[in-house]
Amino acid sequence: MATGSEATKPAEAVLEWNKQDNKRMLHAVYRVGDLDRTIKYYTECFGMKLLRKRDVPDEKYTNAFLGFGPETTNFALELTYNYGVDKYDIGEGFGHFAIANEDVYKLAENIKSKGGKITREPGPVKGGSTVIAFAQDPDGYLFELIQRAETPEPLCQVMLRVGDLERSIKFYEKALGMKLLRKKDVPDYKYTIAMLGYADEDKTTVLELTYNYGRTEYSKGNAYAQVAIGTNDVYKSAEAVDLATKELGGKILRQPGPLPGINTKIASFVDPDGWKVFLNLSFEGK
């Protein structure tokens, strides 16, 4: 019979492998009501590039991938247009995406000159020196604009609200091998944020989790879908997720395996707050 310490070895090995895996945030998936309108807005107002587009008439939807660099190295936004659906409910839980730029004042002026909407004019954050602004796209998604020196990844944040920040931090550390990069409590405005990711904030896309004092649940609507994380081994990564869900909550929705008809291997799960995550083979890991 295995002793307690022997029984923990497999779990320790899984979590250790998870920390060593070459994980990377690949893309965020969400729904829009007019794909061409959103592509035009993101390319003209934000300066993104249309990376690829695919129509799937059998399933009545079209995807477009946009970002600031190739998908092999950079984070992308995967927009989904479902035939005949022109409006979605964003809900309360999704917060915003963020774009880093060397001159937020100039970027905001460009957005306004193209007919875009600025919901918070450029200026320093309260109590700090970082210059930010907020823009809103045609479907209502918010984009924080952060003034930052040149970066290899301008598409720098996905912000989601959670009901228990400590639980969420532990979940993403254990399930996905993320590192807690920064945590900040803002008692004057009754919220705490935590930044998690796989490299420094100024070099990659990070997950910003926000806890608002006293709030444990949020409506999620039907607009934002999920983030996709690249991994070198979907099966081993799913083992770590399984351990995390048993301890902290959440649920595996799709066991790891190939998609029907193609060899791409994926898995999917929801975190303790119900936010969905896909695991894909990294471009480098294929």
Side-chain angles (χ1 to χ4, degrees), residues 24-28 30 32 37-52 64-79 94-160 178-184 186 189 191 193-210 224 227-228 230 283-284:
R24 181 170 72 83
M25 289 183 66
L26 298 177
H27 52 259
Y30 54 103
V32 299
R37 177 185 65 183
T38 305
I39 291 170
K40 180 180 173 65
Y41 188 97
Y42 288 6
T43 54
E44 293 186 359
C45 292
F46 295 147
M48 292 186 196
K49 298 172 184 174
L50 175 61
L51 304 171
R52 59 188 169 108
F65 292 76
L66 293 100
F68 292 97
E71 291 176 74
T72 50
T73 55
N74 287 70
F75 191 70
L77 299 178
E78 179 182 342
L79 312 179
F94 173 80
H96 60 259
F97 301 108
I99 296 171
N101 188 275
E102 294 180 70
D103 190 339
V104 165
Y105 294 94
K106 185 177 178 181
L107 178 58
E109 283 304 313
N110 178 65
I111 291 168
K112 287 191 281 188
S113 73
K114 298 291 195 327
K117 184 177 181 182
I118 296 295
T119 60
R120 195 262 198 203
E121 290 293 334
V125 295
K126 288 183 174 66
S129 59
T130 303
V131 173
I132 67 165
F134 273 89
Q136 188 174 52
D137 82 358
D139 289 277
Y141 293 100
L142 287 173
F143 283 76
E144 183 178 7
L145 313 176
I146 304 172
Q147 190 148 303
R148 185 179 287 172
E150 189 175 354
T151 171
E153 182 50 87
L155 201 49
C156 59
Q157 292 175 7
V158 179
M159 192 278 257
L160 304 172
M178 287 189 178
K179 297 170 185 171
L180 176 61
L181 305 171
R182 179 166 63 96
K183 188 178 174 186
K184 182 181 179 182
V186 188
Y189 292 91
Y191 73 87
I193 62 169
M195 302 291 191
L196 294 106
Y198 298 108
D200 294 341
E201 283 182 69
D202 61 347
K203 293 181 173 61
T204 189
T205 309
V206 301
L207 190 62
E208 177 183 350
L209 303 179
T210 299
Y224 172 82
V227 293
F283 284 96
E284 309 94 276

message: Test side-chain contact (heavy atoms from CB on, under 4.5 Å) on Leu26 and Phe75; report intermediate values, then the result.
response: CA-CA 5 Å; Leu26 298 177; Phe75 191 70; 5.6 Å; no
task: Apply the test side-chain contact (heavy atoms from CB on, under 4.5 Å) to residues Ile146 and Thr130: give CA-CA distance (whole Å), side-chain angles for both, the deciding distance (0.1 Å), then the verdict.
output: CA-CA 7 Å; Ile146 304 172; Thr130 303; 4.0 Å; yes
- request: Give the intermediate values and the outcome of side-chain contact (heavy atoms from CB on, under 4.5 Å) for residues Leu107 and Glu102.
  value: CA-CA 9 Å; Leu107 178 58; Glu102 294 180 70; over 6 Å; no
field: Derivation and outcome, side-chain contact (heavy atoms from CB on, under 4.5 Å), residues Asp103 and Gln147
entry: CA-CA 6 Å; Asp103 190 339; Gln147 190 148 303; 4.2 Å; yes
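In this structure, the ring of Tyr30 has its center less than 6.0 angstrom from the ring center of Phe97. Phe134 and His96 have their aromatic ring centers within a separation under 6.0 angstrom. Remark: aromatic rings of Tyr42 and Phe143 are close, center separation under 6.0 Å.
Side-chain atoms of Val158 and Tyr224, non-hydrogen and from C-beta on, do get closer than 4.5 Å to each other. Side-chain contact between Thr119 and Leu142: present, with at least one pair of heavy atoms (C-beta onward) separated by less than 4.5 Å. Residues Ile111 and Phe46 are in side-chain contact: their nearest non-hydrogen atoms beyond the backbone lie under 4.5 Å apart. Met159 places a side-chain heavy atom less than 4.5 Å from the side chain of Thr210. Between Leu66 and Ile39 the shortest side-chain heavy-atom distance falls below 4.5 Å. Inter-residue side-chain proximity for Cys156 and Arg148 is flagged as met; some heavy-atom pair is nearer than 4.5 Å. Side chains of Ile99 and Phe68 form a contact here, defined as non-hydrogen atoms less than 4.5 Å apart. With contacts defined as side-chain heavy-atom distances shorter than 4.5 Å, the pair Leu155/Met48 qualifies.
Between Tyr41 and Ala135, the shortest heavy-atom distance links the atoms OH-CB, 4.5 Å. Considering all non-hydrogen atoms of both residues, Lys114 and Cys45 come closest at CB-SG, 3.6 Å. Residue Leu181 comes nearest to Gly197 through the heavy atom pair CD1-N, 3.8 Å, listed as atom of the first residue, atom of the second, then distance. Across Met25 and Leu207, no two heavy atoms sit closer than the pair SD-N, 4.2 Å. Summarising the geometry of Thr204 relative to Ala199, their closest heavy-atom pair is CG2-O, 3.5 Å, with the distance given to 0.1 Å.
Contacts of Leu51 classified as side chain to side chain contact (heavy atoms under 4.5 Å, CB included), with partners at least two apart in sequence or in another chain: Lys49, Phe65, Glu71, Ala76. Every residue two or more places apart in sequence or in another chain that forms a side chain to side chain contact (heavy atoms under 4.5 Å, CB included) with Arg182 is listed here: Lys184, Ile193, Met195, Glu201.
Judged by distance alone, the side chains of Asp137 and Thr38 never bring a donor and an acceptor atom under 3.5 Å apart. Neither side chain, Lys106 nor Asn110, offers a donor N or O lying under 3.5 Å from an acceptor on the other.
With salt bridges taken as basic N to acidic carboxylate O contacts below 4.0 Å, one links Glu121 and Lys112.
Atom NZ of Lys179 sits about 8.5 Å away from atom CG of Asp200, to the nearest 0.5 Å. Here Arg24 contributes atom CZ and Asn74 contributes atom CG; the two are 7.5 Å apart, rounded to the nearest 0.5 Å.
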